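Read through the structure below, which is laid out as structure tokens, and then see the notes.
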Amino acid sequence: MNENVFDAAAIDARWQAHWETQGTFRTPGPGERGFDPKRPKYYVLDMFPYPSGSGLHVGHAVGYVGTDVVARKKRMEGFSVLHPMGWDAFGLPAEQYAIQTGKHPRESNRTNTDNFRRQLKKIGLSYDWSREIDTSNPKYFHWTQWLFKRIFEHGLAYRADVPVWWCEELKTVLANEEVINGRSERGNYPCVRRPLKQWMLGITKYAERLLDDLEGLDWPESIKAQQREWIGKSEGAEIHFPIAGRGGERLSVFTTRPDTLFGATFMVVAPEHPLLKTLPAGAARDAVEAYVRAASAKSDLERTDLAKEKSGVFTGLYAANPLDPRSRIPVWVADYVLWGYGTGAFMSVPGHDVRDHEFAQKFDLPIVEVVRAPEASKEACFTGEGTAMNSSPIDGLFTPQAKQKIIELLAAKQAGVGRTTYRLRDWLFSRQRYWGEPFPLLHLPDGTTVAVDDGDLPVELPELADFKPSADGSAPLARAKDWIRTTHKASNSPALRDTDTMPGWAGSCWYWLRFMDPHNDSAPYSKAAERYWGPVDLYVGGAGHAVMHLLYARFWHKVLFDLGLVSTNEPFKRLFNQGMITAFAYEDASGRLIASDEVETKADGYARRGSGEPLKQIVTKMAKSLKNVVNPDDVIAEHGADTFRLYEMFMGPLADSKPWNTRDIPGCRRFLERVWRLFVDEKNDVAIR
RNA sequence: GCCGGGAUGGCGGAAUGGCAGACGCAAUGGAUUCAAAAUCCAUCGCCCGCAAGGGCGUCGGGGUUCAAGUCCCCGUCCCGGCACCA
């Protein structure tokens, strides 16, 4: 037995034990022994994981290894490096897993976090484990509730009876961001709109700042673009059209092109528009009612199918251009108008809007040209900027000036005003589920709602025999009768606790702050720690969080900034998205996917084991069903942590998606062995040359 | 349709405007071995050539520059996001 050979397992064991006993990666912060305020700081953070039951896979690890390389380099350069890890343990994924396994979420969470921690330590990542946090631990959510209280007291949390997304399968309401094409982001279950009284957070008040402050961030352009898109700012005007024969009643629309007012040859309202409930009896009303019924039966997906032919019916009503009172503009209803954006109604300008043009052609409505294109344009419908025409008060003006002038003319007649709209909606913040932070709120007999005293935080979850969601959609916490009934000390009044819980996102809205001072019992974190460590210098995670987590986190951070609780107005200076680790998969001639254990490699390609049927190699997400999921434990057991880490970094640019190729790993191992032999003579018993 | 990002050997990929193809995989030749595996060494963009050497090469077409994979313009294709948002 030659002791000088490269023995990965021995190297891992020796160094990992050394780091543990020496506390090598412990990083003192302000107020702690060994803290040196003169050293520059560097905060490098991973998006902390949901500790799922299936454990850590190589795709998590690629980002963690990347940040670890940066953390180690910065330490060597003399920085005081904050590099922590923890668990985003509340929320639907953790709860769904607990339900599947029949275990209490707290238990399965403990099992899962133990497993994740063990796996991360095996990789030899240089985290300061003394800072580990768990969002489902009362010591942590104490401060999530405390921060929510500040937001509540600041007037940004309110309860409203609004149409919200309800997911029958998950038995809870979901935020707009969590519903994609009418299906839940988690689990892909169908969702329906339902009016329900829910807690909302006033994120729309921050829309402008969330948009503007993207400018100064060192973030991938694609993420900034997605946030801009989601906020969806459009500038234009709200215009009020008097409705013929209705006294002073007016139909309000939003438009980004007030300059095309004189080209509006018809108006369209959404099927949900209240105007439709006031139609006089007659053929038009019958037709409208039939149309509205048909529209409400359609799913959101059917309604927004772009390829679909436009449909609509005339309401029998006429409106007038407020700047041309003699005009008669027919009002239609059509399901291409979205209720919930702008005013749910708009003026149609078929000369300069392709959708309106299509509608006008189908229903033979007049098309008037009111913008002259700067150059001869062959387009049937010119949508760009040009010179106003056929619009007497603004003829000859170029689009921006024409918009300005129209808004002035409308304002003078109190018939319109410049307005900015956003697609961003307020954030639906309550869930009818068990595994989340209870709201620290009390409902008093007089109908008011007050916050639990700071001294009574945290409000812990009641122990329930059955934590599963209720079949009728009521919150599981409503079943904890003893827990609900309590007393509001300040008013010495009986009170009922709120029975909703916060969404899974709540814990991740401030966790980077808790890492700065994770054991503080008197505050979420000390001001000194926040001033020294903030903001996060480098934040690394998947692009899947482009909108939700990153938008919510920025929102909370800005609120905390306004409340004087943080010293920076953005939490993450630099953001980096690691690419997805994919895997090879195999498909037969019919395109059917074949699990990798049924595939054998031939000289000229791949074939199905047994039948010899030729197969094509393709790249897919790792999937249990395809048997191509790679567990870091296996790679480390065979080659050691260094080979594993080297391969993760070696596969290609961290930002790219790339397939895991087990065949390439020995190459990294050999490379390390060659490096080893530069210093260690394996043949002779000489340790260092 | 709009927005964002790409395209370099057989493959994954490397290259502050300064020797294109680092490093790894695969392949080929050799060493070692009774033999094989493993390991080690060498070769490895394409074309002509026994060789020395020469020519051509970073999606296609133009341009800037002493010098372009890299910068600018036009185009093709691929990936990601959004999408009837008035």
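Residue numbering restarts at 1 for every chain, and letters A, B, ... go by the order of the sequence lines. For clarity, every value in this text was computed on a predicted model and none was experimentally measured.
Ser252(A) and His240(A) share a side-chain donor-acceptor pair at under 3.5 Å. Under 3.5 Å, the side chains of Glu177(A) and Tyr552(A) contain a donor-acceptor pair of N or O atoms. Looking at Trp505(A) and Glu178(A), their side chains do bring a donor and an acceptor atom within 3.5 Å of each other. Tyr336(A) and Asp356(A) share a donor-acceptor pair across their side chains, judged by distance under 3.5 Å alone. Between Tyr422(A) and Thr204(A), the side chains place no donor N or O within less than 3.5 Å of an acceptor N or O (distance only, hydrogens not considered).
Distance CG (Asp656(A)) to C1' (C78(B)): 13 Å, rounded to an integer number of Å. Straight-line distance from the NE2 atom of His545(A) to the C1' atom of G80(B): 17 Å, rounded to whole Å. Remark: C1' of G10(B) and CG of Asp664(A) are 14 Å apart, rounded to the nearest angstrom. Between the CG atom of Leu672(A) and the P atom of C40(B) there is a distance of 12 Å, rounded to whole Å. For the pair Lys658(A) NZ and C78(B) P, the computed distance is 23 Å after rounding to whole Å. Following rounding to the nearest Å, Asn577(A) (CG) and G80(B) (P) show an atom-to-atom distance of 15 Å. Rounded to a whole Å, the OH atom of Tyr341(A) is 12 Å from the P atom of C84(B). Phe650(A) has its CZ atom 7 Å from the P atom of G24(B), to the nearest Å.
C19(B) and G69(B) have their C1' atoms separated by 14 Å, given to the nearest Å. For G62(B) and A27(B), the P atoms lie 40 Å apart once the distance is rounded to whole Å. The P atoms of G61(B) and A38(B) are separated by 44 Å, rounded to the nearest whole Å. Taking the C1' atom of each, G9(B) and C44(B) are spaced 10 Å apart, rounded to whole Å. Rounded to a whole angstrom, the distance from the C1' atom of A15(B) to that of A22(B) is 8 Å. Comparing the P positions of G12(B) and U8(B) gives a spacing of 8 Å, expressed to the nearest Å. The C1' atoms of A7(B) and G21(B) are separated by 16 Å, rounded to the nearest whole Å. Comparing the P positions of C59(B) and U70(B) gives a spacing of 8 Å, expressed to the nearest Å.
The side chain of Arg669(A) contributes no N or O atom lying less than 4.0 Å from OP1 or OP2 of G24(B). Between Arg677(A) and C40(B) there is a side-chain polar atom (N or O) within less than 4.0 angstrom of OP1 or OP2. One finds no side-chain N or O of Tyr336(A) lying less than 4.0 angstrom from the OP1 or OP2 phosphate oxygen of A86(B). In this model, the phosphate group of A86(B) is not approached by any side-chain N or O of Ser348(A) to a distance below 4.0 Å at OP1 or OP2. For the pair Arg674(A) and G24(B), the criterion of a side-chain N or O lying under 4.0 Å from OP1 or OP2 is met. In this structure, Arg670(A) reaches the C25(B) phosphate: one of its side-chain N or O atoms is under 4.0 Å from OP1 or OP2.
Each of Met651(A) and Phe254(A) has a nearest nucleotide on RNA chain B; the 5'-most of these lies closest to Met651(A). Remark on RNA chain B: of its neighbouring residues Pro659(A) and Asp356(A), the 5'-side contact belongs to Pro659(A), judged by nearest-heavy-atom nucleotide.
In a base pair of the Watson-Crick type (N1 to N3 plus N6-O4 or O6-N4) or a G-U wobble (N1-O2 and O6-N3), with each distance short of 3.5 Å, C40(B) is matched with G30(B). Partner assigned to C59(B) is G75(B), using Watson-Crick or G-U wobble distances below 3.5 angstrom.
Contact annotation for Glu229(A): base contact, defined as any heavy-atom pair under 4.0 Å involving a base atom. Arg663(A) comes within contact range of the sugar-phosphate backbone alone, with a heavy-atom separation under 4.0 Å but no base atom that close. Here Pro666(A) lies out of heavy-atom contact (under 4.0 Å) with every strand.
Between Lys362(A) and Glu358(A) there is no salt bridge, since none of the side-chain N atoms of the basic residue sits less than 4.0 Å from a carboxylate O of the acidic one.
Base orientation of G9(B): syn (glycosidic angle within 90° of 0).
Judged by the 6.0 Å distance and 45° axis criteria, Arg194(A) is not positioned over the aromatic ring of Trp165(A).
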